[in-house]
Each structure stands twice: as C-alpha cells, then as structure tokens.
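First up is the structure itself, then whatever we jot down about it.
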Amino acid sequence: MKLFLIAGEPSGDRLGGALMAGLSQLAPGTEFAGVGGPAMQAEGLVSLFPMEELSVMGLAEILPKYLHLRRRVREAAEACLASGAEALVTIDSPDFGLRVAALVKRARPSVRTIHYVAPSVWAWRPGRAARMARHVDHVLALLPFEPPYMTAAGMTCDFVGHPVVAEPRASEAEVQALRERVATGPVILVLPGSRRSEVTRLAPVFGDVLARLRHRHPGLTVLVPTVPHVADLVREQVAGWPVHPLVIEDAERKRAAFAAADVALAASGTVSLELAANGTPMVIAYDMNPLSMWLISRMARIDTVTLVNLVSDSRVVPEFLGPRCRAERIAPALLALLEDASQRSAQQAAMQLTMERLGQGGEAPGLRAARSVLSVLAGGGAPQETR
C-alpha cells in the first residue's frame with residue numbers, strides 16, 4: 001500500500017507523523033510519499049519539497065508567492081499521480097491541499113482523497129464543506145461534534161480524537177522544581193500568541209493587565225511560554241512589562257509551566273486545549289485589525305470561540321474579543337479567577353469533560369486516524385471504535 005500525504009504547517013506535520021506511525025503499526029510495509037516536515041520525515045517520508053514553503057498565512061504574504069505556490073500545487077498533484085498512491089491524505093492547510101486533491105481527483109477518480117482536520121464550518125463559512133465534498137471522500141475530524149457537518153455535505157467522516165490528549169505532561173517533580181525556582185506568589189501563565197501580528201497587538205494589553213494585578217499581588221510570578229520563531233519578538237515586547245516575566249522556549253520547561261500555573265491569560269486558539277489538558281483555569285483574549293474583526297463577527301455562527309466552552313457545551317471560560325480586549329475589562333476577570341475557588345472549580349470540571357470528549361483515556365488519535373484510513377481504503381466505513 002502506498003499513500004501520498006501533504007502537510008503545510010508544523011501542527012499538520014505532527015498529525016501526519018502520528019498517522020504514519022499508526023499506519024506502520026497496523027499495516028507494516030506501507031509506503032509514504034508527499035510533503036511534510038521533521039515529524040513525518042522521521043517516519044520515513046522524503047519530502048517532495050520543503051514544507052516551510054507552504055507555511056504562509058495572510059493575503060499580503062501569499063500574493064507575492066502565488067505563482068510559486070500554484071506551481072507547487074501542480075507539482076504535488078503530478079507526483080501523487082506518478083507515485084501510484086491508493087490515497088491522497090491532505091492534512092490541514094486546505095488552501096493548498098484541497099487544490100491538489102481537486103487536480104488528483106479530476107485526473108484519477110479512483111484515488112481516495114482524505115482530509116485530516118475538518119474545516120470549522122460550525123463557526124463560519126458553512127459553504128466550505130460542500131465545496132470540499134467535490135474533491136474529498138473522507139474526513140478525519142478532531143472535534144466530536146464535527147462529523148454531522150461533513151456527512152451532511154456528502155463526505156464520510158470519523159472523529160478520531162484531538163492530538164492534545166496524547167501530548168506528554170510534566171511530572172509532579174518537574175512542576176514542583178519550577179515553582180520552587182521561580183515562584184514567590186501566584187503564578188500566572190501569559191500566552192500572547194504564536195504569530196508576530198498577535199504578539200505585537202496583544203502583548204501591550206497583557207502587560208497592562210499585569211500592572212493592574214500587581215497592585216493586588218505584588219509577589220506575582222509571570223511565565224511566558226513561546227515558540228522559537230517569535231521568541232525574540234516576545235522578549236522585546238515583554239521588556240517593558242511591569243512584572244519581569246520568565247520567557248520559556250524549552251519544551252520540557254514549557255510543559256512544567258503549563259502545569260505549574262495557577263491561572264492563565266491566553267490568546268484565543270488551540271492553546272486553550274493545552275491549558276485544559278493541564279487543568280489550568282484561563283481567561284481568553286484576542287484582537288485583530290478592526291475590519292477583519294468586524295467581518296468575522298458578521299460571519300460567525302457561534303457565541304464563543306473558546307474550544308473548552310464549545311466542546312464542554314458550557315460558557316465558563318471568560319472571553320474578551322475585539323473591542324472588549326481591554327485591560328480594564330480583562331484584569332477584573334483574571335483577578336476573580338485567581339481569587340475565587342468556585343470559578344476555578346467550574347472551569348476545571350469543564351476542562352475535564354472537554355478532555356474526555358476529545359478522546360482522553362482511549363486509543364491514541366494517530367492510531368484511531370490510521371484505523372479510519374485503512375477502513376476507507378478497504379471500502380467500508382470506519383470501525384465502530386473510532387467513531
């Protein structure tokens with residue numbers, strides 16, 4: 001069996017690596033080709049071209065590279081067809097992957113097309129599912145409420161679990177060592193985002209929030225986990241904060257920081273699930289260009305953007321989005337969370353439910369995804385245990 005896989009972002013590469021490991025375990029001898037990063041290459045993939053070429057976001061960034069990306073779409077489609085692969089698996093990055101799928105499906109309808117990570121049509125732009133169904137046979141969903149949206153559009157779909165449930169956690173000894181080394185009072189985790197635009201917009205607001213909290217808790221300890229590509233910018237932005245934070249890049253110390261914190265202030269995104277996995281109560285805040293924020297709010301089909309709220313079907317995590325992303329609004333909510341045990345308990349119950357619904361305690365998501373892929377290639381639906 002041969003599969004052609006395409007990932008365009010580090011998160012997709014990690015999903016692809018886990019899927020490949022699961023397929024190698026369940027179907028030894030499976031051959032892989034396609035585009036991926038270090039996680040997929042560690043499982044035997046020789047990338048057609050560097051995955052980093054596809055890690056482009058935003059209209060202003062994409063336009064100068066449009067012709068090059070268009071050539072890469074055709075190159076990937078031709079390589080998939082030439083490889084004799086039984087299936088094409090596109091992993092997230094739909095702007096690139098689904099264009100490849102369209103070309104492959106048009107040239108050879110017998111190739112099964114599988115997309116890993118369902119589009120968030122439950123949040124906005126529901127028409128994306130119907131458009132995707134023209135070229136995609138099967139979807140691997142990360143969230144338990146997504147399959148009905150995909151099947152309604154004409155594709156088969158299985159919930160295979162979210163990768164956050166399989167990520168390693170810090171040990172109690174690591175957490176205790178970190179707290180003993182840095183903490184003199186309450187520990188607050190501050191996460192201003194992983195994109196440069198997020199950091200530059202949110203870091204000043206988050207610094208103002210900390211200034212307001214310091215008056216109440218002068219012994220406050222602030223931990224700022226970050227990723228290498230924005231680490232220098234984060235250090236530059238937090239240099240003027242009223243509380244000198246510890247910026248953390250090392251993966252092991254980041255895990256300890258997530259578990260050691262009493263509460264967190266975080267940009268909106270999947271980081272809320274990382275916090276939930278560690279039982280860390282949180283306040284979510286986010287802002288962007290006012291026009292973009294207005295357009296998204298007009299198209300939104302949900303009343304909360306925080307995945308913990310959505311998956312647990314609760315609204316216990318406070319959000320401060322767009323015009324409400326102001327220090328005078330955020331600080332009282334974060335202070336209340338820090339000082340009110342009942343609020344923290346309510347969040348922790350919702351976080352535990354979220355993790356259970358995302359597949360914690362069951363088979364690893366990569367293995368569940370592999371079972372689903374194999375079942376599709378065998379001509380049936382996914383096995384009952386993967387649904």
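All residue numbers refer to positions in the sequence shown, counting from 1. Here the structure is a predicted model, which means the values were calculated and not measured.
- Looking at heavy atoms from C-beta onward, Leu265 lies out of side-chain contact with Leu189 at the 4.5 angstrom threshold.
- Cluster membership check: Trp241 shares its hydrophobic cluster with Val283, using side-chain heavy-atom separations under 4.5 Å among Ile, Leu, Val, Met, Phe, Trp and Tyr.
- Rounding to the nearest 0.5 Å gives a distance of 10.5 Å between CD1 of Ile284 and CD1 of Ile330.
- For the pair Thr221 (side chain) and Val182 (backbone), a donor-acceptor distance under 3.5 Å is present.
- Put simply, the side chain of Leu69 reaches to within 4.5 Å of the side chain of Leu54, judged on heavy atoms.
- Look at Glu363 and Arg371 and you find a salt bridge, because one of the NZ, NE, NH1 or NH2 atoms lies within 4.0 Å of a carboxylate O, short of that distance.
- Rounding to the nearest 0.5 Å places CG of Asn309 at 8.5 Å from CG of Asp303.
- Inter-residue side-chain proximity for Arg201 and Tyr286 is flagged as unmet; no heavy-atom pair is nearer than 4.5 Å.
- Two residues are said to be in side-chain contact when any heavy atoms from C-beta on lie closer than 4.5 Å; Met155 and Met132 meet this criterion.
- Checking side-chain atoms of Arg128 against main-chain N and O of Arg125 turns up a donor-acceptor pair under 3.5 Å.
- Judged by distance alone, with hydrogens and angles left aside, the side-chain atoms of Glu86 form no donor-acceptor pair with the main-chain N or O of Leu377 at under 3.5 Å.
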Could you go through the side-chain hydrogen bond (donor to acceptor under 3.5 Å, both in side chains) check for Gln176 and Glu180 one step at a time? CA-CA 6 Å; Gln176 187 61 29; Glu180 289 176 353; 3.1 Å; yes
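- Val175 is not connected to Val263 by any chain of hydrophobic side-chain contacts under 4.5 Å among Ile, Leu, Val, Met, Phe, Trp and Tyr, and they are in different clusters.
- Looking at every heavy atom in both residues, Gly193 comes nearest to Val199 through O-CG2, 3.6 Å.
- Put simply, the side chain of Leu246 does not reach to within 4.5 Å of the side chain of Val224, judged on heavy atoms.
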Stepwise side-chain contact (heavy atoms from CB on, under 4.5 Å) check, Leu374 with Met1: CA-CA 10 Å; Leu374 292 173; Met1 184 174 66; 3.5 Å; yes
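- With hydrogens and angles ignored, the 3.5 Å screen pairs no side-chain donor or acceptor of Asp158 with any backbone N or O of Val160.
- A heavy-atom distance below 4.5 Å is found between the side chains of Thr304 and Glu319.
- The two residues Glu249 and Pro228 have their closest heavy-atom pair at OE1-CA, 3.5 Å.
- Looking only at atom types and distance, the side chain of Glu339 has a donor-acceptor partner in the side chain of His217 under 3.5 Å away.
- Between the side chain of Ser314 and the main chain of Ala350, no donor-acceptor pair closer than 3.5 Å is present.
- If you take CZ on Phe32 and CG on Leu45, they are separated by 9.0 Å, rounding to the nearest 0.5 Å.
- Side-chain contact annotation: Thr113 with His135, donor-acceptor N/O pair under 3.5 Å absent.
- Interatomic distance, Lys254 NZ to Leu223 CG, rounded to the nearest 0.5 Å: 12.5 Å.
- With hydrogens and angles ignored, the 3.5 Å screen pairs no side-chain donor or acceptor of Ser24 with any backbone N or O of Ala21.
- Other residues, nucleotides and ligands place no more than 12 heavy atoms under 6.0 Å from the CZ atom of Arg216.
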Starting from the C-alpha separation in whole Å, work towards a yes-or-no answer on side-chain contact (heavy atoms from CB on, under 4.5 Å) for Leu273 and Thr354. CA-CA 8 Å; Leu273 296 181; Thr354 296; 3.9 Å; yes
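- Shown here for Val100 and Leu88, the closest heavy-atom pair between the two residues is CG1-CD2, 4.1 Å.
- Checking side-chain atoms of Gln360 against main-chain N and O of Glu356 turns up no donor-acceptor pair under 3.5 Å.
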Between Tyr116 and Thr90, is the side-chain contact (heavy atoms from CB on, under 4.5 Å) condition met? List the steps. CA-CA 6 Å; Tyr116 198 170; Thr90 52; over 6 Å; no
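- Ionic pairing of Arg344 and Asp262 is not present here: no N-O contact between side-chain nitrogen and carboxylate oxygen is shorter than 4.0 angstrom.
- Although no hydrogens or angles enter the test, the distance criterion places no donor-acceptor pair under 3.5 Å between the side chain of Asn278 and the main chain of Thr280.
- Under 4.0 Å is where a charged nitrogen must lie from a carboxylate oxygen, and between Glu174 and Arg253 no such pair does.
- Panel note: side chain Ser83, backbone Ala85; a donor-acceptor pair is recorded below 3.5 Å.
- More than 12 heavy atoms of other residues, nucleotides or ligands shown are found within 6.0 angstrom of CD on Glu328.
- A distance of 4.0 Å separates CG in Leu220 from CD1 in Ile188, rounded to the nearest 0.5 Å.
- Between Leu191 and Leu275 the shortest side-chain heavy-atom distance falls below 4.5 Å.
- A cation-pi contact, defined as under 6.0 Å to the ring centre and within 45° of the axis, is absent between Arg72 and Phe96.
- Heavy-atom neighbours of Arg315 CZ from other residues, nucleotides or ligands within 6.0 Å: above the threshold of 12.
- Tracing side-chain contacts under 4.5 Å through hydrophobic residues (I, L, V, M, F, W, Y), one reaches Leu143 starting from Met351; they form part of the same cluster.
- From Ser120, atom OG reaches atom OH of Tyr149 across 11.0 Å, with rounding to the nearest 0.5 Å.
- Side-chain atoms of Ser47 come within 3.5 Å of backbone N or O of Gly36 as a donor-acceptor pair.
- Taking the ring centre of Phe258 as origin, the terminal cationic atom of Arg169 falls outside the region bounded by 6.0 Å and 45° from the ring axis.
- In terms of heavy-atom proximity, Arg179 sits nearest to Gly185 at NH2-O, 4.2 Å.
- Here Ser93 pairs with Glu9 under the side-chain contact (heavy atoms from CB on, under 4.5 Å) rule; sequence neighbours left out.
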Between Leu178 and Val187, does the side-chain contact (heavy atoms from CB on, under 4.5 Å) criterion hold? Intermediate values first, please. CA-CA 11 Å; Leu178 180 63; Val187 177; over 6 Å; no
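- Taking the side chain as every heavy atom from C-beta outward, Ile91 and Met40 approach each other to under 4.5 Å.
- Using a cutoff of 4.0 Å between basic side-chain nitrogens and carboxylate oxygens, Glu75 and Arg70 are not scored as salt-bridged.
- Gln352 CD: 12 or fewer foreign heavy atoms inside a 6.0 Å radius.
- Residues Leu353 and Leu307 do not share a hydrophobic cluster, clusters being chains of Ile/Leu/Val/Met/Phe/Trp/Tyr side chains in contact below 4.5 Å.
- Closest heavy-atom contact between Ser272 and Met282: O-CE, 3.4 Å.
- Between Arg326 and Asp287 no salt bridge is recorded (no basic side-chain N to carboxylate O distance below 4.0 Å).
- Closest non-hydrogen pair, Gln348 versus Gly279, comes out as NE2-O, 3.4 Å.
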